Amino acid sequence: MNDEKHVSSPSGSVSIQPPSQSTNSSAAPGAGAAQHGKYEFFKVIQGYLDEAARVVEISDYVRTILSQPKNEIIVNFPVKMDNGTVRLFKGYRIQHNNVLGPYKGGLRFHESVSLDDLKALAAMMTWKCALMNLPYGGGKGGIKFDPNGVSQDELQRITRRFIHALGSNIGPETDIPAPDMGTNAKTMAWAMDTYMNMAGQVAKQAVKGVVTGKPIASGGTLGRDKATGQGVVHCITEWAEDRGFELGGSTMTVQGFGNVGSNTAVILSKLGVSTIAVGDHTGYLYNPEGFNPHKLQDYVKRNRSIAGYPSGKPISREEFFRIKADIFAPSALENQVGAEEASALQVKLVAEGANGPCTPEGEKVLLERGIDILPDVLANSGGVTVSYYEWVQNKRSEQWSLEEVDEKLERAMKRAYREVVDMARDKKCSMRLAAYAVAINRIGQVYAEREIFP
Ligand code: NAD
């Protein structure tokens with residue numbers, strides 16, 4: 001049933017530097033949740049699947065299929081660096097499941113990228129697409145390197161060689177990458193251009209949909225840039241309504257001030273929510289008066305981090321997790337809120353902009369302390385939803401207005417939120433398990449109808 005595919009690109013005969021062997025994300029400010037031993041993200045996701053499969057009682061063979069990705073593609077490819085040396089990079093594309101449609105999911109450029117973590121993230125894309133009722137399966141890919149450590153020209157060559165190495169493993173009807181950590185609209189423009197040039201003259205114009213999250217002029221959609229943050233905010237406003245919580249005048253802290261974190265802070269500021277502490281891979285800042293999220297967002301776009309931002313007092317990671325606020329939006333990496341951080345947090349809500357920021361131990365502590373969690377599979381699914389809108393516009397050669405995109409996204413997020421809340425109430429389970437349950441129920445139904453080939 002599950003065919004595994006390993007692809008390697010030829011590395012040529014030049015003298016090359018091997019890919020970095022380090023497995024850890026980074027030093028002090030970027031450390032993961034306080035814990036002992038290696039964090040096994042994929043095992044955690046498999047554990048949630050097993051629990052959710054008991055909640056909705058899907059067939060055991062479907063759970064077994066979903067417990068592993070369909071394809072694990074690994075490519076090693078050489079890139080000429082600015083100083084004339086050639087460096088070998090290791091890239092991955094995990095294709096988890098395509099029973100609902102083509103694989104869909106981001107490309108991550110980060111020094112912590114690993115096969116197992118991408119397997120976890122690809123599986124989560126399967127659940128997200130199913131939860132959001134999108135005609136997609138789940139995929140995820142990336143390259144293990146620090147994008148801040150190379151020039152823009154090098155970044156472009158790395159991206160293009162990676163897309164070339166993936167070759168026909170991706171495509172608008174096969175597997176559609178998008179931005180994730182360390183990549184953005186510009187990366188997608190290079191990816192699309194490379195793929196178009198590989199497709200040949202006849203097919204060239206028909207393959208724009210090979211990636212989403214492109215710049216508007218290159219076939220992107222209005223509203224994609226802020227879509228994930230916008231989706232997080234829709235979930236927060238629904239939660240606030242359910243809880244009778246007044247967002248105006250409330251406070252939040254944000255870990256990760258990239259695409260997801262900064263857009264969440266900017267959009268929430270329009271609802272009167274003040275961001276009083278922020279953090280990224282360079283450190284943490286506190287400003288009890290509240291940051292101007294627009295200015296901080298512009299600063300990060302120009303400087304690639306919050307380091308050196310003039311307003312705000314530098315604090316440690318431990319101090320950041322102890323700050324009293326109403327909402328915490330982890331929007332960086334997985335494995336950030338373990339039992340220790342969960343015990344320290346003084347908030348009412350954790351809204352998971354990032355994928356997998358809370359460990360199972362962290363989640364247990366938060367729930368015991370009565371802190372609500374909007375789980376990643378629901379909360380950050382606005383990104384893939386608007387990616388789908390972009391793909392449809394590419395197919396139809398249309399450009400929708402921002403209002404149209406925003407309205408569709410709002411409806412989609414609110415419907416998914418209600419489905420998850422209803423499932424959690426009916427099955428007396430956590431929001432996370434409920435989100436998984438809604439998703440795998442939908443997938444299980446399709447397997448039951450189509451059965452197994454041959
Ligand atoms: P990004 O690259 O734009 O921003 C990432 C942020 O995380 C940066 O501020 C970076 O400094 C910070 N960061 C990196 N390593 C860190 C560390 N060790 N400690 C603290 N901060 C660190 O990425 P993004 O697109 O905003 O993605 C953030 C998260 O959201 C990821 O988990 C990603 O999978 C998830 N996500 C993104 C999208 C999307 O549309 N971009 C959609 C769904 C989920």
Side-chain angles (χ1 to χ4, degrees), residues 24-33 39 41 104-113 117-118 120-122 124-125 127-129 132 138 140-142 146-148 177-188 211-213 220-221 223-232 235 253-266 277-285 296-297 299-301 303-307 309 316-317 320-321 329-337 341 351-358 375-388 390 409:
N24 245 328
S25 58
S26 53
Y39 183 62
F41 191 18
K104 183 88 191 80
L107 290 181
R108 179 175 285 199
F109 290 177
H110 195 274
E111 58 213 347
S112 75
V113 161
D117 288 356
L118 292 176
L121 293 162
M124 290 174 73
M125 286 306 298
W127 323 142
K128 267 183 236 183
C129 293
M132 297 309 292
K140 202 80 170 193
D146 175 10
N148 295 316
D180 189 76
M181 204 157 63
T183 57
N184 54 28
K186 183 83 195 130
T187 328
M188 294 305 116
V211 289
T212 57
T221 180
R224 175 61 184 89
D225 227 25
K226 67 174 173 100
T228 308
Q230 182 72 69
V232 173
C235 290
T253 61
V254 188
Q255 186 198 38
F257 214 75
N259 177 292
V260 180
S262 68
N263 281 303
T264 302
V266 165
V278 293
D280 72 2
H281 66 286
T282 61
Y284 293 84
L285 292 173
L296 185 52
Q297 188 180 49
Y299 180 89
V300 171
K301 277 185 185 157
N303 298 283
R304 293 184 177 192
S305 78
I306 60 169
Y309 189 66
S316 68
R317 186 176 186 279
F320 173 81
F321 277 97
S331 311
L333 285 174
E334 57 278 358
N335 183 27
Q336 293 300 308
V337 184
E341 289 82 3
E352 294 186 337
N355 286 311
C358 296
D376 43 18
V377 166
L378 168 69
N380 69 36
S381 61
V384 68
T385 304
V386 176
S387 272
Y388 166 65
E390 177 175 332
L409 176 65

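FYI, side chains are in, hydrogens and waters are out, and symmetry mates aren't considered; it's all heavy atoms of this structure. Indexing begins at 1, ligand by ligand and atom by atom, following the structure's order. Computed from a predicted model, the values in this text were never measured in an experiment.
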- request: Please check if any side-chain donor atom of Gln336 sits under 3.5 Å from a side-chain acceptor atom of Arg317, or the reverse.
  value: yes

- prompt: Considering distance alone, does some N or O of Gly261 sit under 3.5 Å from an N or O of ligand 1?
  reply: no

task: Verify the distance criterion only: is there a donor paired with an acceptor across the side chains of Thr183 and Asp180 at less than 3.5 Å?
output: no

- prompt: CG/Asn263 to NZ/Lys226 distance, rounded to the nearest 0.5 angstrom?
  reply: 8.5 Å

- prompt: Does any N/O atom on Asn259 come nearer than 3.5 Å to any N/O atom on ligand 1?
  reply: yes

task: For Thr228, take its heavy atoms, then give the atoms of ligand 1 lying under 4.0 Å from any of them.
output: 38 (C), 39 (C), 40 (O), 42 (C), 43 (C)

- prompt: In terms of atom number and element, which parts of ligand 1 are under 4.0 angstrom from non-hydrogen atoms of Gly182?
  reply: 2 (O)

- prompt: Between the side chains of Lys128 and Asn355, is a donor N or O closer than 3.5 angstrom to an acceptor N or O?
  reply: yes

- prompt: For atom 43 (C) of ligand 1, which candidate among Val278, Asn380, Asp280, Asp180 provides the closest heavy atom?
  reply: Asn380

- prompt: Backbone, side chain, both or neither: what part of His110 comes under 4.0 angstrom of ligand 1, heavy atoms only?
  reply: side chain

- prompt: For Asp280 and Thr282, does a side-chain donor sit closer than 3.5 Å to a side-chain acceptor?
  reply: yes

query: What atoms of ligand 1 come within less than 4.0 Å of a heavy atom belonging to Arg108?
result: 31 (C), 32 (O), 33 (C), 34 (O)

- prompt: Are Lys140 and Glu334 within salt-bridge range, i.e. N to O under 4.0 Å?
  reply: no

field: Rounded distance (nearest 0.5 Å) linking atom NE2 of His281 with atom OG of Ser112
entry: 12.5 Å

field: Polar atom proximity, Gly383 to ligand 1 (N or O, under 3.5 Å)
entry: no

- request: Please work out whether any backbone atom (N, CA, C, O) or any side-chain heavy atom from C-beta onward of Ser331 is under 4.0 Å from ligand 1, and answer side chain, backbone, both or neither.
  value: backbone

query: For ligand 1, is there an N or O atom under 3.5 Å from any N or O atom of Leu121?
result: no

- request: Go through ligand 1 atom by atom and flag the ones less than 4.0 Å from a non-hydrogen atom of Leu333.
  value: 15 (N), 16 (C), 17 (C), 18 (N)

- line: Of His281, Lys140, Met181, the one whose closest heavy atom lies nearest atom 10 (C) of ligand 1 is His281

task: Please check if any side-chain donor atom of Ser262 sits under 3.5 Å from a side-chain acceptor atom of Lys301, or the reverse.
output: no

- prompt: Is it the side chain, the backbone, both or neither of Arg224 that has a heavy atom closer than 4.0 Å to ligand 1?
  reply: side chain

message: Keeping Gln255 on the side-chain end and Ala329 on the backbone end, is there a donor-acceptor pair under 3.5 Å?
response: no

field: Gly279 heavy atom under 4.0 Å from ligand 1
entry: no

